[in-house]
Amino acid sequence: MSENTPLNVLIVGSGGREHALANACVKSPLAARVIAAPGNPGISADCDCFKVAADDIDGLVALAVEQKIDFVIVGPEVPLALGLVDALQEKGILAYGPKADGGRLEASKIFTKKLLLKHKIPTGAAAAFDKVDAAIDYLETASYPIVVKADGLAAGKGVIIAKDHDEAVSTVRDMIEGAAFGESGKEVLIEECLYGEETSIHVIVSGNDYVILPTSQDHKQIFEGDKGPNTGGMGAYSPADLIDDDLMARIEEEIVKPSVAGIAAEGIDFRGTLFIGIMITEEGPKVLEYNTRFGDPETQVLLTRLKTDPMEIMLAAAKGELGRLDVTVKDQYAMVVVLASDGYPGTYPKGETITFPKAVGENEVIFHAGTRFNEAGDVVTNGGRVLGVTALGADLKTAADKAYALCDQIRFKSKYLRRDIGAKELNRQR
Ligand code: AMP
Ligand code: GLY
């Protein structure tokens with residue numbers, strides 16, 4: 001195949017992030033045919049979807065072979081940690097996303113903390129335990145609040161900020177001895193509580209090369225004013241002016257460069273997204289966590305703002321050619337507002353019919369996340385986060401107004417949204 005022959009692409013996953021990835025790839029001249037597994041109704045409007053689950057490694061490899069796929073883009077963390085990219089490579093199929101060794105940077109908080117400390121990357125002090133008694137001894141002399149983290153993947157639920165000794169001890173017991181966290185809680189990390197504004201950056205990594213994507217800001221809590229329990233993310237905007245040029249320069253020097261170098265020094269040939277959670281403390285930026293995939297809903301705004309073809313970036317990273325790429329960004333703001341099912345992140349109803357507007361404006365997209373077709377072929381709700389309503393505008397206010405106007409035209413019975421996505425930034429700009 002010549003260097004420029006368009007590729008058959010498989011997108012793995014079924015959320016809003018994957019809808020944004022599929023949407024970018026179907027527009028790319030680098031793609032011949034795009035398919036998704038398992039996808040969702042929104043993705044199925046862009047490309048064919050196949051009923052193979054995102055954690056079915058054998059099924060996904062078989063699908064890729066059968067459909068003559070040249071390039072696989074892996075959305076979520078679970079297949080990465082399970083070695084999907086390793087398995088595809090064995091079949092000679094190129095993929096975007098780290099192999100299982102790189103996937104550990106998200107799948108094991110203890111592995112990551114050791115790497116951060118070894119390579120002197122700023123992060124909170126911490127200690128790891130697999131025995132309750134030793135952890136309790138440590139907690140006797142600790143200061144509170146303190147952060148207790150299940151080592152493994154816990155779908156965003158493995159971090160507890162314990163306000164006092166009693167809560168820390170019961171959390172440690174629950175994780176190590178209880179069933180709630182399964183295997184992921186058999187070991188725990190007890191970490192110093194950091195204070196400041198929380199932010200994150202997306203870095204496309206390919207071995208020793210990297211490109212920092214535009215800044216974005218998620219809104220993790222379910223309620224307005226950043227209150228209530230954490231969710232996967234209720235909305236995001238880009239750029240996030242909280243990270244000004246000086247802070248970005250500092251983050252690049254103190255966090256990005258040593259992270260990329262440290263990961264490579266550990267023998268990990270990381271080709272994918274390193275999405276770094278950061279606390280801006282009084283002492284400077286410190287790493288909270290690494291994710292080894294794009295954020296959801298951050299991807300919806302990031303890809304919308306890229307001038308450079310996102311597929312070109314991911315392909316270059318997968319091939320080890322990222323060093324040659326110049327990534328450019330539109331001089332516009334983007335916002336995504338998540339429409340959720342009332343009750344999320346707890347229990348919520350499913351199966352409610354969704355009414356969509358007849359048409360959406362230019363530079364507006366409704367990304368699907370928790371949706372499915374019912375027997376009648378209507379799109380109904382099927383998850384906590386249902387849709388990601390995304391708009392571009394000349395400034396943040398315009399993007400917000402367009403996104404919220406579109407949100408108001410979408411109806412389902414238990415629709416819940418935060419009305420204050422980007423509000424802090426808008427107040428700062430005033
Ligand atoms: P993580 O999965 O490690 O990012 O943790 C989830 C969330 O818990 C983060 O987004 C923070 O809001 C919070 N968190 C994690 N570690 C700390 C820490 N050391 N101090 C304060 N908050 C933390
Ligand atoms: N929006 C946060 C995440 O994807 O982990």
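Read the numbers this way: they start at 1 and go in the same order the structure lists the ligands and their atoms.
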Does a side-chain N-to-carboxylate-O contact under 4.0 Å join [X] and [Y]?
X: Arg428; Y: Glu197; answer: yes
X: Asp401; Y: Lys397; answer: yes
X: Arg418; Y: Glu224; answer: no
X: Arg250; Y: Glu253; answer: no

Under 4.0 Å from any heavy atom of [X], which atoms of ligand 1 are there?
X: Ile161; answer: 22 (N)
X: Cys193; answer: 20 (N), 21 (C)
X: Leu194; answer: 18 (C), 19 (N), 20 (N), 21 (C)
X: Lys149; answer: 3 (O), 15 (C), 16 (N)
X: Lys109; answer: 1 (P), 2 (O), 3 (O)

Heavy-atom contacts under 4.0 Å between Glu192 and ligand 1: side chain, backbone, both, or neither?
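The part of Glu192 near ligand 1 is the backbone, not the side chain.
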
At a non-hydrogen distance cut-off of under 4.0 Å, which region of Val159 contacts ligand 1 (side chain, backbone, both, or neither)?
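Side chain only; the backbone of Val159 stays clear of ligand 1.
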
Any idea which residues sit under 4.0 Å from ligand 2, heavy-atom distances?
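Ligand 2 is contacted, at a heavy-atom distance under 4.0 Å, by Asp218, Gly232, Phe275, Arg293, Gly295, Asp296, Pro297, Glu298.
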
Decide whether a cation-pi geometry holds between Arg104 and Phe111; the criteria are a distance under 6.0 Å from NZ or CZ to the six-membered ring centre and an angle within 45° of the ring axis.
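Arg104 over Phe111 ring: yes.
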
Gly124 touching ligand 1 at heavy-atom level, < 4.0 angstrom
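For ligand 1, residue contact (heavy atoms, under 4.0 Å) with Gly124 is absent.
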
Against Glu191, only a single residue in Lys109, Lys286, Lys113 fulfils salt bridge (charged side-chain N to carboxylate O under 4.0 Å, His left out); can you say which?
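It is Lys113, the one option of Lys109, Lys286, Lys113 that forms the salt bridge (charged side-chain N to carboxylate O under 4.0 Å, His left out) with Glu191.
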
Should the ring pair His19 and Phe367 be called parallel, tilted or perpendicular, given that the plane angle runs from 0 to 90° and is split at 30 and 60?
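The arrangement is perpendicular - the two ring planes meet at more than 60°.
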
Residues two or more places apart in sequence or in another chain: which of them pass ring-ring contact (aromatic ring centres under 6.0 Å, His included) with Tyr138?
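Counting only residues at least two positions away or on another chain, Tyr138 forms a ring-ring contact (aromatic ring centres under 6.0 Å, His included) with Phe129.
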
When only distance counts, is Glu191 in polar contact with ligand 1, meaning an N/O pair under 3.5 Å?
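Such a contact does occur with ligand 1.
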
Got a sec, which residues hit salt bridge (charged side-chain N to carboxylate O under 4.0 Å, His left out) with Arg419, two or more places apart in sequence or on another chain?
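Partners of Arg419 by the salt bridge (charged side-chain N to carboxylate O under 4.0 Å, His left out) criterion, ordered by chain and then number, come out as Asp408.
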
Anything under 3.5 Å between a donor and an acceptor, one on a side chain of residues 205-214, the other on a protein residue two or more places apart or in another chain? List them.
from	atom 1	to	atom 2	distance (Å)
Ser206	OG	Ala317	O	2.8
Asp209	OD2	Gly323	N	3.4
Tyr210	OH	Glu252	OE2	2.4

